[in-house]
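Along the sequence shown, residues carry numbers from 1.
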Amino acid sequence: MCSARSRDVGDPTRSTGRPSGELLVADNDGLSIAYRAWGPRTQVGGRAALVFIHGWAQSHRAWGGPLLAGLATGRRVIAMDLRGHGASGIPELGEYPSAHFTSRHFAGDVQAVLEAEGLQDPSRSGGYVLIGWSYGGLVACDHLRAVQDGGGVGGDSNTGTAGLRGLVLVGAITGIGRDSLGGQVGSAMRRALPDALSEQTPVAVRALASFGSAMVPADRADLGATSQLLFGTSLATPPAVRRALFTRSADNDGTLAALSAPALVIHGTADTVVDIASARHNASVLGDVRTHWWEGVGHAPFLADPQRFAAEIEEFLVELDSAVVS
């Protein structure tokens, strides 16, 4: 069961205008789901809150605090940590860790954050936009599937997603499994597995180091600190958690096809983690969709060019906000 409370864990930089934001905690059936938040809790002019969901073996820090703080002008921006990642709690894994990382669990985690932020009632807020990167796209679909089935936030009789104002997929998968067209991975991901899941430190270090170069190109010396952050975050994610995320299968073509809210797909043409074929497939399934293909860019467009990324998100939000006004 989700709890609708949030708890400030005492971040020393409480001002929502600072890049670090506020560190808060939601509760999903006793498991702490951490997230950072920027901007006003009360939405200005019906503006939707933004909910960022990171990828496999990462955390909310991957997005970059300045990017998130910059988007929080007159709207709430939230970046959550997946269960077992970052500052979120780790379930008692036991003999079968995968039992704690199902679609139902991830959907509940997203809902816990939405409820803690008061976004479950679209009549009292501006609703929300889900922004999923990499595995975060699959988690966004977990949430969409739950609410379309009547078990989530802001449900209605048609789509079950009355509170959802938009969906953004960034270098994202929406399915997982050998035959999933929305989950086609690239050469870097295939090379990293299964070694990146190993309990043996030298094996995991080699695999994760090579995988990291697919997110931050080696020739971007200006992103050296960011590259080390991502690498360290991957290693800090317990091997059992890294493995558990790959033990399920899912196909969300029907979920995306049923979505009436506008969608935006952003994907680098040189992404070797998630093949661009996944993005093209997802775009073909979505109804109301716009696409931005970043020529020559890899798996993390928001790191390659944060200003361009923010501009494309803002352009999408202007469209959503104008629809409310009209």
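Looking at Thr269, its side chain does come within 3.5 Å of a backbone N or O of Gly296 through a donor-acceptor pair. Under the 3.5 Å distance criterion, the side-chain polar atoms of His85 are matched with a main-chain donor or acceptor of Arg83. Of the possible donor and acceptor atoms, one in the side chain of Thr247 sits under 3.5 Å from a partner among the backbone N and O of Ala244. Of the possible polar contacts, one joining the His100 side chain to the Glu92 backbone as a donor-acceptor pair under 3.5 Å is found. The backbone N or O of Thr237 sits less than 3.5 Å from a side-chain atom of Arg242, completing a donor-acceptor pair. Judged by distance alone, with hydrogens and angles left aside, the side-chain atoms of Ser234 form a donor-acceptor pair with the main-chain N or O of Leu230 at under 3.5 Å. Listed for the Asp271 side chain is a donor-acceptor partner under 3.5 Å among the backbone atoms of Val274. For the pair Gln58 (side chain) and Thr233 (backbone), a donor-acceptor distance under 3.5 Å is absent. No donor-acceptor distance shorter than 3.5 angstrom exists from the side chain of Arg61 to the backbone of Gly86, with no hydrogens or angles considered. Within the 3.5 Å criterion, the main-chain N or O of Asp81 finds a donor-acceptor partner in the side chain of Ser88.
Residues Pro262 and Arg165 approach most closely at CD-O, 3.4 Å, considering heavy atoms. Gly132 and Ala172 make their closest contact through O-CB, 3.7 Å (heavy atoms, listed as atom of the first residue, atom of the second, distance). Pairing each heavy atom of Arg243 with each of Leu197, the nearest pair is NH1-O, 2.9 Å. In terms of heavy atoms, Pro238 sits closest to Ile90 at CG-CD1, 3.7 Å. Here the closest non-hydrogen pair linking Arg220 and Leu303 is NH2-O, 4.1 Å. The minimum heavy-atom distance between Pro91 and Gly89, with the atom names listed, is CD-O, 3.9 Å.
Atom CG of residue Leu259 and atom CG of residue Asp288 lie 9.0 Å apart, to the nearest 0.5 angstrom. Distance check, rounded to the nearest 0.5 Å: OG1 of Thr291 to CD1 of Ile276 gives 9.0 Å.
The side-chain heavy atoms of Leu193 and Val185, taken from C-beta on, include no pair separated by under 4.5 Å. In this structure, Arg36 and Leu68 have side chains that are not in contact, with every pair of non-hydrogen atoms separated by 4.5 Å or more. Side-chain contact between Asp195 and Arg206 is absent, with no heavy atoms from C-beta onward closer than 4.5 Å. Ile176 places a side-chain heavy atom less than 4.5 Å from the side chain of Tyr135. Contact annotation: the side chain of Arg280 approaches that of Trp293 to within less than 4.5 Å [non-hydrogen atoms, C-beta and beyond]. At a threshold of 4.5 Å between non-hydrogen side-chain atoms, the residues Leu317 and Arg75 count as touching. Side-chain contact between Asp109 and Leu82: absent, with no pair of heavy atoms (C-beta onward) separated by less than 4.5 Å. Using a 4.5 Å heavy-atom cutoff, the side chains of Val147 and His143 are in contact.
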After noting the C-alpha distance and the side-chain angles of Val129 and Leu264, does the key distance pass the side chain to side chain contact (heavy atoms under 4.5 Å, CB included) rule?
CA-CA 10 Å; Val129 175; Leu264 169 64; over 6 Å; no

Going through the checks in order, is the side chain to side chain contact (heavy atoms under 4.5 Å, CB included) test met by Phe52 and Val168?
CA-CA 9 Å; Phe52 286 80; Val168 182; over 6 Å; no

With side chain to side chain contact (heavy atoms under 4.5 Å, CB included) as the test, would you mind laying out the steps for Ile131 and Val170 before giving the verdict?
CA-CA 7 Å; Ile131 303 177; Val170 185; 4.1 Å; yes

Output, in order, the C-alpha distance, side-chain angles, deciding distance and verdict of side chain to side chain contact (heavy atoms under 4.5 Å, CB included) for Ile313 and Phe309.
CA-CA 6 Å; Ile313 295 294; Phe309 181 80; 3.8 Å; yes

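By the 30° and 60° cut-offs, the orientation of the rings of Trp56 relative to Phe211 is perpendicular. The aromatic rings of Trp133 and His299 sit tilted, their planes meeting at an angle between 30° and 60°. Taking the six-membered ring where the residue is Trp, Phe302 and Trp63 present tilted rings, their angle falling between 30° and 60°.
Annotation: cation-pi pair Arg308/Trp294 present, NZ/CZ under 6.0 Å from the ring centroid and within 45° of its normal.
Just one of Leu181, Leu138, Leu256, Val285 meets the side-chain contact (heavy atoms from CB on, under 4.5 Å) condition when paired with Thr174; it is Leu256.
Ionic pairing of Arg104 and Asp29 is not present here: no N-O contact between side-chain nitrogen and carboxylate oxygen is shorter than 4.0 angstrom. Salt bridge present: Arg290 and Glu319 bring a charged side-chain N and a carboxylate O closer than 4.0 Å.
Atom CD of Glu314 has more than 12 neighbouring heavy atoms from other residues, nucleotides or ligands inside a 6.0 Å radius. Other residues, nucleotides and ligands contribute over 12 non-hydrogen atoms within 6.0 Å of the CD atom of Glu199.
No hydrogens or angles considered: nothing links the side chains of Ser278 and His281 as a donor-acceptor pair under 3.5 Å. Side-chain contact check for Tyr128 and Glu117: no donor-acceptor pair (N or O, by modelled atom type) lies under 3.5 Å.
Ser187 pairs by the side-chain contact (heavy atoms from CB on, under 4.5 Å) definition with Arg190, Arg191, Thr272, not counting sequence neighbours.
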